[in-house]
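Have a look at the structure below before the remarks.
Fair warning: this is a prediction, and the values are worked out from it, not measured in the lab.
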Amino acid sequence: MALGKENKRSIAVDILVKILCILVFSGQAMFLDQFIIHINSAETVTFKKGYVWVIVDGLMAICWTIAFIIARVRREHGGPLIRQRDLIKEFPYAYISWLMYSGVLVAKLTTIYSRQTAEEHVLFNRHMLKITVSLTAAIYILLSYSHEKDITHSEYREQMRNVGQSVGVAILDTADLMDLMYPSDDDAEPISHTLRTAILAFAAICLILPVIPLLTLRIIAGKQMAVKRRKSNLEKVDPWKRVYVVKFVLYLLLIDIPFFAIRFHIWLQTGQSLSVFFTKNILMFLKAFLDVLNSCPTWAKDLKKKRERPLLELGVVVTLNR
């Protein structure tokens with residue numbers, strides 16, 4: 001009886017998270033759509049310039065809802081999502097949902113931030129825009145939690161949470177960096193067109209980049225299911241740490257280093273004040289250095305074990321000669 005109540009409670013929480021994810025996404029999408037329509041209000045607003053985004057967002061909300069339903073139905077009927085391979089059956093996975101969402105979001109933000117100045121409006125201003133962009137972090141975390149209950153693999157769910165937390169901080173960093181395109185100090189000089197282009201480019205990379213660790217998670221989970229079915233006597237190797245390594249290296253090289261350089265350059269060129277995320281970028285450099293130092297003994301030990309580990313080849317165990 002207690003187990004049944006726990007299952008009902010878990011299902012209710014899962015449904016609530018999915019609904020909240022759709023609501024936050026819809027709220028952000030509606031504000032950005034209205035923002036685009038507003039900034040084009042001085043011109044002749046064509047269907048392509050504004051209202052087409054409303055249709056695109058509506059279709060995406062429907063796709064996310066269908067993906068959530070399909071994943072939940074497969075889970076309840078015992079159909080493990082990990083085993084599916086064709087493109088249609090990949091649809092409920094988180095990396096597909098985020099790929100669709102991030103592509104549309106990047107197009108919207110490029111349209112908005114391509115303007116040289118920010119209008120001082122009661123609602124449609126740079127401060128509200130920054131808050132709306134930062135909601136992307138909440139959407140990512142909600143999306144990861146929305147999918148985790150639909151996967152039976154415990155390591156998959158754990159890594160989904162770990163990746164979600166790190167990506168959320170990186171997205172907040174991106175929202176803060178994009179705000180630098182509109183100087184907050186009255187005496188600060190506007191940044192150059194080249195620098196604006198660089199900010200938009202790296203912001204787009206940051207928003208699309210989560211697809212890679214999510215896709216890596218999906219691939220590793222699929223391989224783990226295949227290995228589990230074969231049940232070999234080989235030493236078990238945990239590949240889930242690779243997801244952390246892939247995510248960490250990508251975000252260090254494509255996010256923290258470029259963001260640090262851009263902020264430092266803007267500070268020297270225009271005199272804009274630095275944000276706390278400048279310190280976050282420095283801390284990530286330090287963390288990378290310490291992680292490499294701490295991992296060197298582990299890597300050496302794993303390499304030694306790999307050389308000594310027997311290989312199963314054509315049904316015959318062959319020991320490597322050192």
Is there a donor-acceptor pair under 3.5 Å between the side chain of Trp98 and the backbone N or O of Leu207? yes
Of all heavy-atom pairs between Ile39 and Ile112, which one has the smallest distance, and what is that distance? CD1-CA, 4.1 Å
For the residue pair Ala137 and Gly168, what are the closest heavy atoms and their distance? CB-O, 3.4 Å
Do the two ring centres, one from Phe277 and one from Phe259, sit under 6.0 Å apart? no
Test of understanding: clusters of I, L, V, M, F, W, Y form through side-chain heavy atoms closer than 4.5 Å, transitively. Do Met30 and Met100 belong to the same one? no
Going through the checks in order, is the salt bridge (Lys or Arg N to Asp or Glu O under 4.0 Å) test met by Lys280 and Asp176? CA-CA 12 Å; Lys280 174 256 182 185; Asp176 181 80; over 6 Å; no
Using the ring centroid of each side chain, check whether Tyr140 and Tyr101 are separated by less than 6.0 Å. no
From Tyr113 OH over to Arg126 CZ, what is the distance, rounded to the nearest 0.5 angstrom? 8.5 Å
Side-chain heavy atoms of Phe202 within contact of Ile255, under 4.5 Å: no
Quick one, Pro210 and Tyr251 - any side-chain contact, counting heavy atoms below 4.5 Å? yes
Using the rule that Ile, Leu, Val, Met, Phe, Trp and Tyr join whenever any side-chain heavy atoms are under 4.5 Å apart, tell me whether Leu135 and Val17 fall into a single cluster. no
Parallel under 30°, tilted from 30 to 60°, perpendicular over 60°: which one fits the rings of Phe264 and Phe278? parallel
Determine the minimum heavy-atom distance between Leu252 and Pro258, stating which atoms define it. O-CD, 4.3 Å
Could you give the distance from OG1 (Thr136) to CG (Leu143), rounded to the nearest 0.5 Å? 12.0 Å
How many angstroms lie between OG1 in Thr194 and CD1 in Ile199, if you round to the nearest 0.5 Å? 11.0 Å
So does Thr132 get a backbone contact from the side chain of Gln28, meaning a donor-acceptor N/O pair under 3.5 Å? yes
Is there a path of hydrophobic side-chain contacts, each under 4.5 Å between heavy atoms, that joins Val167 and Val24? yes
Judged by atom type as modelled, is there a donor-acceptor pair below 3.5 Å linking the side chain of Arg196 to the main-chain atoms of Ile191? no
Can you give me the closest heavy-atom contact between Ser275 and Arg263, atom names plus distance? OG-NE, 3.6 Å
What's the separation between atom CZ in Phe25 and atom OG in Ser97, rounded to the nearest 0.5 Å? 10.0 Å
Are Phe260 and Leu172 connected in a single hydrophobic cluster, I mean Ile/Leu/Val/Met/Phe/Trp/Tyr linked by side-chain heavy atoms less than 4.5 Å apart? no
Atom NE2 of His193 and atom CG of Leu195: how far apart are they, to the nearest 0.5 Å? 11.0 Å
Minimal non-hydrogen separation, Ile22 against Trp64, with atom names: CD1-CB, 3.6 Å
So CG of Asn125 and CG of Leu129: to nearest 0.5 Å the spacing works out to 8.5 Å
Any side-chain heavy atom of Asp57 within less than 4.5 Å of one from Lys108? yes
Out of curiosity, does Ile62 fall in the hydrophobic cluster containing Leu20 (side-chain heavy atoms, cut-off under 4.5 Å, transitive links)? yes
Parallel under 30°, tilted from 30 to 60°, perpendicular over 60°: which one fits the rings of Phe31 and Phe35? tilted
Please determine whether side-chain contact (heavy atoms from CB on, under 4.5 Å) holds for the pair Ile212 and Leu250, giving the CA-CA distance in whole Å, both sets of side-chain angles, and the decisive distance to 0.1 Å. CA-CA 9 Å; Ile212 296 178; Leu250 287 175; 3.5 Å; yes
Mind checking whether Asp173 and Val169 have side chains closer than 4.5 Å, heavy atoms only? no
